[in-house]
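So the structure is just underneath, and the comments pick up after that.
We use all heavy atoms of the structure for the numbers below, so side chains are in, but hydrogens, waters and symmetry mates are not.
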Amino acid sequence: MRATIIHGPRDIRVEERPYPTVQLPTDVVVKVTAACVCGSDLWPYRGVRETAEPRAIGHEFVGVVERVGDAVTALAPGDFVVAPWVASCGECPQCRNGVTVACDHRASWGSTDEDGFHVDGGQGEAVRVPRAEATLVKVPGVDRPDAELTADLLALSDVMGTGHHAAVSAAVGPGRSVVVVGDGAVGLCGVLAAKRLGAERIIMMSRHADRQALAKEFGATDIVEERGKAGAEAVRSLLGGVSADSVLECVGTEESMDQALRSTRPGGSIGFVGVPAGGAELPIGVLFAKNISVAGGAASTRVYLPELLADVLAGKINPGKVFDVEMPLDKAAEAYKAMDERRAIKVLLKP
């Protein structure tokens with residue numbers, strides 16, 4: 001089968017790899033119908049995170065179950081499923097406490113599971129899914145979704161759940177004012193999540209017209225283009241002289257965290273979900289002086305999937321609009337380049 005392999009900085013290739021098979025009774029094999037490139041994939045692409053040896057890449061996919069292991073009863077061939085960005089067991093203390101991303105038996109796409117078997121990357125034609133019943137979410141009543149629904153479902157594998165995690169971590173709720181730092185797919189989904197949770201004022205920090213337009217469509221009430229001290233002052237001006245109740249940090253750099261801190265009122269909350277890219281250390285003195293609460297981290301999207309899926313199927317949210325470019329799998333290298341150069345918000349790949 002064809003699969004996307006990262007060899008090093010800016011070296012993405014689509015290569016032939018063995019077609020996955022069931023290795024354990026709890027496995028299933030999923031034929032991928034749509035995958036995508038994540039902003040976090042750009043860190044190894046840019047060389048910020050080292051690629052020690054060539055490996056399969058991609059952690060967002062949807063598709064159809066092809067084969068099931070002998071112990072699998074809740075899934076069957078033909079089921080359409082959404083895969084969260086990591087595999088988890090659903091039974092360990094971490095999973096029972098809603099932190100599936102820290103599962104004792106976690107397996108990442110494009111790695112090796114605890115039993116020593118290869119786990120395929122999501123940017124390929126098929127994936128062996130370990131601990132499938134706990135990991136995958138079946139889409140009820142849907143066998144072959146159309147293009148729009150496919151995009152919405154694919155967004156639930158990571159970016160919509162991650163944006164939602166940022167909003168929940170920042171205590172977003174009815175009547176709250178919100179600032180979103182980062183206008184990538186996660187930040188845009190953070191706007192959608194904040195609107196869904198009842199925020200009264202949602203300020204998107206963005207300098208790109210296309211992303212500003214989508215942010216407004218998702219529920220942003222205001223746009224701020226300034227950065228640093230000027231950006232924080234613009235937020236205060238919009239909010240009548242006070243900073244925001246809740247701030248969503250969706251980038252992962254020192255600059256983005258500084259912007260989040262500057263934009264949060266005393267006693268406010270920050271939800272951070274940007275994958276750390278170095279330098280984003282929290283100044284304890286500022287948190288102490290302003291009584292700012294900080295929560296977040298890697299999102300357990302498997303936990304959020306059922307409620308978000310219900311809203312997608314009911315037509316209440318359309319997170320798939322973050323996909324502004326679609327390419328065939330063979331063009332994966334170009335997809336990475338387009339996102340790296342900010343010519344695309346998020347690229348959907350079709351195997």
Side-chain angles (χ1 to χ4, degrees), residues 1-20 29-64 66 81-87 107-112 118-129 145 147-148 150-160 162 184-186 188-189 210-211 275 277 301 319-351:
M1 70 166 185
R2 294 169 300 151
T4 304
I5 309 296
I6 182 168
H7 284 255
R10 291 179 166 79
D11 188 357
I12 297 290
R13 310 177 197 177
V14 176
E15 301 176 349
E16 287 295 325
R17 287 292 187 269
Y19 203 90
V29 174
V30 173
K31 180 177 176 60
V32 176
T33 59
C36 55
V37 179
C38 182
S40 63
D41 292 331
L42 296 181
W43 296 133
Y45 179 75
R46 292 168 176 161
V48 176
R49 290 175 177 268
E50 182 184 6
T51 301
E53 58 184 18
R55 62 177 177 86
I57 193 169
H59 54 261
E60 302 158 282
F61 64 94
V62 296
V64 179
E66 281 192 329
V81 293
V82 180
W85 70 274
V86 290
S108 299
W109 312 118
S111 68
T112 301
H118 175 65
V119 180
D120 307 277
Q123 295 167 14
E125 292 187 291
V127 176
R128 179 185 73 89
V129 179
E148 180 179 346
T150 294
D152 287 335
L153 296 172
L154 181 59
L156 298 184
S157 66
D158 185 354
V159 288
M160 184 61 212
T162 297
V186 170
L188 290 164
C189 286
D210 56 341
R211 298 168 192 237
V275 177
T301 56
K321 291 183 178 181
V322 298
F323 295 104
D324 57 338
V325 175
E326 179 179 317
M327 296 183 184
L329 178 63
D330 289 339
K331 298 292 185 181
E334 174 59 26
Y336 275 78
K337 186 177 180 182
M339 286 183 60
D340 180 47
E341 296 174 352
R342 298 183 72 84
R343 291 184 284 109
I345 299 172
K346 193 168 179 68
V347 179
L348 187 149
L349 293 171
K350 293 287 289 185

Test side-chain contact (heavy atoms from CB on, under 4.5 Å) on Val64 and Val30; report intermediate values, then the result.
CA-CA 5 Å; Val64 179; Val30 173; 5.9 Å; no
CA sep, side-chain torsions, deciding dist, call: Asp340, Arg10, salt bridge (Lys or Arg N to Asp or Glu O under 4.0 Å)
CA-CA 10 Å; Asp340 180 47; Arg10 291 179 166 79; 2.8 Å; yes
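- Relative orientation of the Trp85 and His59 rings is perpendicular, given thresholds of 30° and 60° on the angle between their planes.
- Across all their heavy atoms, Cys36 and Asp41 have their closest contact at O-OD2, 4.4 Å.
- Here CD1 of Ile57 is found 12.0 Å from OG of Ser111. Values are rounded to the nearest 0.5 Å.
- A salt bridge between Glu60 and Lys346 is present, with a side-chain N of the basic residue lying under 4.0 Å from a carboxylate O of the acidic one.
- Closest non-hydrogen pair, Arg17 versus Ala3, comes out as CG-CB, 4.2 Å.
- Summarising the local packing, CD of Glu341 is surrounded by more than 12 heavy atoms from other residues, nucleotides or ligands at distances under 6.0 Å.
- Between the side chain of Glu16 and the backbone N or O of Met1, at least one donor-acceptor pair lies under 3.5 Å.
- Across every non-hydrogen atom of Val32 and Pro351, the tightest pair is O-CG, 3.5 Å.
- A distance of 8.5 Å separates OG1 in Thr150 from CG in Leu154, rounded to the nearest 0.5 Å.
- Here the closest heavy-atom approach between residue Val86 and residue Ser108 is recorded as CG1-OG, 4.2 Å.
- Note on Glu125 versus Lys350: no salt bridge recorded, every NZ/NE/NH1/NH2 to OD/OE distance being 4.0 Å or above.
- In terms of modelled atom types and a separation under 3.5 Å, the side chain of Thr4 and the main chain of Gln123 share a donor-acceptor contact.
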I would like to know whether Ile6 and Arg55 meet side-chain contact (heavy atoms from CB on, under 4.5 Å); could you show each step before the answer?
CA-CA 6 Å; Ile6 182 168; Arg55 62 177 177 86; 3.7 Å; yes
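- Between Leu349 atom CG and Phe323 atom CZ the span is 9.0 Å, to the nearest 0.5 Å.
- Closest non-hydrogen pair, Pro84 versus Trp109, comes out as O-NE1, 3.0 Å.
- To the nearest 0.5 Å, the span separating CZ on Arg343 from CG on Asp210 amounts to 12.5 Å.
- The side-chain heavy atoms of Met327 and Leu348, taken from C-beta on, include no pair separated by under 4.5 Å.
- Remark: side-chain polar atoms of Asp324 are paired, donor with acceptor, to backbone N or O of Ile345 under 3.5 angstrom.
- Arg128 places none of its side-chain heavy atoms less than 4.5 Å from the side chain of Tyr19.
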Tell me, with the steps shown, if Val322 and Cys189 meet side-chain contact (heavy atoms from CB on, under 4.5 Å).
CA-CA 8 Å; Val322 298; Cys189 286; 4.0 Å; yes
Give the C-alpha distance, both sets of side-chain angles, the deciding distance and a yes or no for side-chain contact (heavy atoms from CB on, under 4.5 Å) between Glu326 and Val347.
CA-CA 6 Å; Glu326 179 179 317; Val347 179; over 6 Å; no
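- Contact annotation: the side chain of Thr33 approaches that of Val62 to within less than 4.5 Å [non-hydrogen atoms, C-beta and beyond].
- Summarising the geometry, atom OH belonging to Tyr45 is positioned 7.0 Å from atom CD1 belonging to Ile12; distances are rounded to the nearest 0.5 Å.
- A 4.5 Å side-chain heavy-atom check between Asp152 and Met160 finds every atom pair outside the cut-off.
- Looking at heavy atoms from C-beta onward, Lys337 lies out of side-chain contact with Lys331 at the 4.5 angstrom threshold.
- The OG1 atom of Thr51 sits 14.0 Å away from atom CH2 of Trp43, with the distance rounded to the nearest 0.5 Å.
- Other residues, nucleotides and ligands place more than 12 heavy atoms under 6.0 Å from the CD atom of Glu15.
- Closest approach of Val127 to Gly122, counting heavy atoms only: CG2-CA, 4.2 Å.
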